[in-house]
S.K.: 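If you scroll down you'll find the structure; I have some questions about it.
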Amino acid sequence: MACSVAIISKDNSPLYVLAADIEKEIELQYCFHSALDIVEEKSNTANKNPDTRDLFLGLLYATELYKIYGYMTNTKIKFILIVDSLNSAFRENEIRAMFRSIHIEYVNYISNPFIIPNEQIFSKTFDRNIRNICKV
Amino acid sequence: MMNLKPLISYSGDNILFKSIQTRIEQALPTDKIEWKRSYGRGTAKNIKLEANFKTFESCKAQIESYNSQNFDILKDPSLHIYISECNDVETYKGTLKEELDSWLKNLATYGISDWMILIVETIDMKKTKNILPRQSVLDKIRLDFGAKNADRCVSILNPLKFENKATESFRSMIQRIRHLILSAYNKNIIKFEEIIRARREERNNEDWNFITYFLLQEKLAFVLEMLTLYSDALVQYDELDAMLNLFIMNTMYGEKPKWMSTFEKPLNNLRGITMCQKDIKETREKIVDNSITIIELRNYIFQRQCTLLNSMEHQWEIAQRLFPFLFSTLREIVEALRLETFMGTLSCWQFINCLEVLNMCDCVVGTENIIKCSQHTASIWNLAKDKLYELGKLCGLLPGSDSTSEQLHIVVQLSSSIGESPERDELEKKELEIRRSHSPSRKVQKPGCERLREALQSNELFQKLYLELCELAISTYKHVSRLRSARYVGRDLGNFYCSLNEPHKAIVFFTDLLRELKSEKWNALASQTLLELANCYKKLDDSLSYTKVCAAISCCVDLEILVRTFYFDDFLKSLKSIQPILTQSDKESNNFIQLEDNFKLIDVHLVNSSPIIQDSLLSLELRIDSNFPREVLCEKVAISFELFGKGTEAVIPPNEFDILPFSIETDLKQDNTINMVSVICESKGKVRRTSSGKNDNLPVTESNFKHSASAKNILIHPGINVIVLETKALEVGTWIMKQIAIHFQKLKFLSKSINVRNKPFEISTKSSSASLHFSDLVAGLDQSMKLFISGGSYHFPKESSIQLKCSKGLKLKKNDENDYQKTLNIKLTDFKLFEERTVELSALCELPCRRDETLIDQKVLLHCPWSECEIQIPLKFLPILTASCRLHSSGSKKFLQVIVKSLYEKNLILTDAVMKCLVNNVIITDLNPKSQNRVTIMKNISISYLYEIEAEPLQTINELPVISIEFNVMYADVNHSEVIRRYICPFDVTDYNTLFHLTVKIATEPQEICRVGTVCHLNLTIKKLTEQKQFNDLMYEVLFDQNMWALYGRSAGVVSMTDDMMETTITLDIFPLIPGFLPLPNIRLSKYMANKTNKTDNPKLVPFAPTQVYNSTKSLQIHVLNNVEQQ
């Protein structure tokens, strides 16, 4: 089942956006962007101790159509997943696992010394791998 | 379900019990009791207990079911009390014991062990003295029945008779009742839970029914609620909730149990939650009837959850639970059960529920709680707003649309399905008032259904509610600082205003959103917002703003190229129309656009190398990426710059941009494989974290373009353009680039800052200078020098010159000239800015005739065209030769010795030494051998030349006291032997005549040899050689070595020689002290000048020049033999 994912820089600008449904890309982007509100809220109020902080931020919010989950690395790179709220296949464990896979992909990508951090991601390999994870 | 209380049955003396029942009822809830539940179910809780009382007989039916599967924890008495007033042991033994026994046995048959025996004492036992210890009725009872349950046997003093004394015993009885109730519940709950579990396990059975199970488990919830264990009660509902959801969702996969058919009834009534107890009760009756619809059951569960959460004061959790409730119910209805609903009813249901929850949250007190609540209510407001919009759309209530008859029909349908507003009873109203007591002035919101019904009545009312909800959503989002969400509500509101035809109200929302999106670089979304803004401005007919937005849209790379070109054309079109507006309002400051929206600055750098010299051409290369879809012809492209470090801008030291020193460090394991490789930057101080703050929200202002480089009429193509900007470097200083401006017709594109590598550059002047370069100068030979002229930024006239003036004895010439000059003019023809020239010069310092070896000081004065002052350059020359002349006598003959010494590092050739005299009657004879004509000498070597000088005696003394002679010798450097120069040494010869001739003679006895210790005569003969009469009085002094000679008498004396007296002899007695060849004593002759002016003074002694007195026996020796006698 497909889901949409966004990788957002520490300055809250989008680095990579994958929309499960191209038709709804703009709508999904609005969702991604407003999810940042809750990411900020959670990262501010949640456990302040960075050692024990869970990178997975849980369900950020839900709409009639979507469930929006968040994940934030220690370097404040945010991953946001949007899944169809009708789709019960995505339980929290699966979401966690997907975030972990995305995180690994991102780390692999950023380990490339020719990558400039905080710039948009256009890598085809990265895109393919993320598509695999999200089954788009 | 409300007002449930634990039930207690009583037996025995019922009348007695009735008399104290109210007291017990009142006393029970006065204090809390701590309850620790078994199996580690959470922490201990303090519970307030109340109780109802019934006779044992009236609750017989429940008692009978106690040990069966039909056990009803709600209706079953939790404690059974037997009350008696038996005070004397005999009566007890007679009747009471039997009664108790049968009561307990009866209980035991039902498996009940929660009992209590209460003995009411009417006699003050302490007053009767004959009672033995352990002989009271109570003691007996404890003995008989309370084997393990002594605490279940309690006695009190009758509170009716012993008002004061009874308190103590009464209180302990109450405490005991509380304790026993709880221990009964502890047991019963576990028991009941087992029953529930057993039932749940049967859920796959054919005849299992969720509703029945629901009612069963709900009883446990009621009990827990009754015991004020709200969170435990909530758990029951949550379990039921999840279970129901699972069942329903599983129907999608074909698992449909029989009982599910209950929920497949069509949904005629879609009322929202009301939180009105009457409604809740009615719904529960429907559940019992098995006539409930899914939505009603869902409402019921949620309402019960809300009730419990309200009791826990967890309103924020209600808000938190609303969305999951709404969305999962929707899914159940729409996806799983596929129930048909009338159009819009589900939206109504959601809307009403939203408002109802918001009303509940309105009662929250305390800042922290309000914030907690608001985090959820903000999105509830937003959802309510969205749902209202949907309904408005459905019913044709949106601005600018009229309802069709079909839509009016829908409104009627919806209004009826919404249902009536709930009727609250007095108790609830009172409760609500208490809850709202913190802000009584605030209007109590009408229930959601009523507000919805009103809004559906007319366009105006709909608008009013929609705008209100939007404002509330925005303000709540802002309150919990979810600004992005607030902006999105603003966007919806903006769109609504647009459809209301009030675009001026919408603009502020769109620009806020745009700013937010741009600052976080959500370009695709920003482009959308720009399109919306363009729409607004077009409606408003604000062509300037429209032009700007069009420009921005045409540069949105993530939009379709067709859209972009469309807006680009519109941009050009409307650009033409903004002129009149500009001139009217005279708002020049408004016609600029932030450059970064349309062009991307890639690089800008100085083409010339810094420092740039004043007045020279300064050129900058600018690389920009144009995002316009077509080329634009710009009238002017300019970059302003300002003095570095002067402005308010943060001064970044220029080295900030320098490449940081990085090094690679590898950490190897023991087996030399790489463990870790790290890149290290050693310069700690230089690395500065740039703040990621959004301080770039400041509006663009035009800086001062007085100092700027520019290019005119540049065609900027889409993509990367390289533009060279030029200006004349006018003012001296360190400058930094400040702003880029691109003029395009009536518009100016201004950059916020220069956010690429921007190094300060320098404009400077350079001073002119002239200097002489030389080393180790010597006098007498050609010395090469260099005159170095650096023009700097001085503008030389076409014909200018530099003048060098030499001090006396020094001459200069240019290397390409032949003659040395005292004053040298060097022409600086066509001397350009910053040119540097070197002029080769030769210097010649005259070689003076000197005896000493000191350096010769000379100087050169430079007169430069750029300066009024002369530059004095001191020079020091080392003479290569020194010469001295000495006069020697031999009797009356005179000789001249000239000593020439070389100080020159290299070898010198000396030739043709000549001595001349310019006076007649003086004859100079060259005594030097011819072979010595050419001599090569090295440093510090002296060479002597000898000449005889003879003057005619008669003339000379009187006429020529001084004879001037001149010694000439030719010299040349061995390496440049072709350049031969003359060394001229003038000398003066004085006292060249010998006046006196001295002879010393040691005279012994005739034919005697001079011996030690023998007195001899020393005869001193002074002979006048000339006729001169000046020096008649002479003083002689005998000078000798006192180790050798001893003198009798005086060693000095004065002789007077008269004019005609030509010779005189003085004899002195002298004897030698040692044998050997002894030098004869020397004689010093001086002029003895009597002081004529003052007789008392001593006469003066004036020595003769050495050449005036010739001692012919000087240096003679006499052989002195040893004394004979001594031998």
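Side chains included, hydrogens not; waters and symmetry mates left out as well; all remaining heavy atoms used. Naming: A, B, ... by sequence-line order, numbering from 1 per chain.
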S.K.: Based on non-hydrogen pairs under 4.5 Å, which of A:Q120, A:H33, A:Q29 is most in contact with chain B?
M.R.: A:H33

S.K.: Go through the side-chain N and O atoms of A:S34 and A:Y61 and say whether any donor and acceptor fall under 3.5 Å apart.
M.R.: yes

S.K.: Using non-hydrogen atoms and a 4.5 Å limit, figure out which bit of B:L525 sits close to chain A: side chain, backbone, both or neither.
M.R.: both

S.K.: Does the side-chain hydrogen bond (donor to acceptor under 3.5 Å, both in side chains) test come out yes or no for B:N382 and B:K385, once each step is laid out?
M.R.: CA-CA 5 Å; B:N382 189 28; B:K385 170 214 90 180; 2.9 Å; yes

S.K.: Please verify the inter-ring angle class for A:Y69 with A:F56; under 30° counts as parallel, over 60° as perpendicular, anything in between as tilted.
M.R.: parallel

S.K.: Pick from A:L65, A:I38, A:V17: which one has the most heavy-atom pairs with chain B under 4.5 Å?
M.R.: A:I38

S.K.: Give, as side chain, backbone, both or neither, the part of B:R491 having an atom under 4.5 angstrom from any heavy atom of chain A.
M.R.: side chain

S.K.: In terms of heavy-atom pairs under 4.5 Å, which option from B:Y477, B:F327, B:W522 contacts chain A the most?
M.R.: B:W522

S.K.: Any chance the side chains of A:N12 and A:K78 put a donor and an acceptor closer than 3.5 Å?
M.R.: yes

S.K.: What residue in A:A35, A:S13, A:P14 has the most heavy-atom pairs under 4.5 Å with chain B?
M.R.: A:P14

S.K.: Side chain, backbone, both or neither: which part of A:F32 has a heavy atom under 4.5 Å from chain B?
M.R.: both

S.K.: Got a salt bridge between B:E390 and B:K387, using NZ or NE/NH1/NH2 to carboxylate O under 4.0 Å?
M.R.: yes

S.K.: For A:Y109 and A:N129, does a side-chain donor sit closer than 3.5 Å to a side-chain acceptor?
M.R.: no

S.K.: Does any heavy atom of chain B fall under 4.5 Å from the side chain of A:L59, the backbone, both, or neither of them?
M.R.: neither

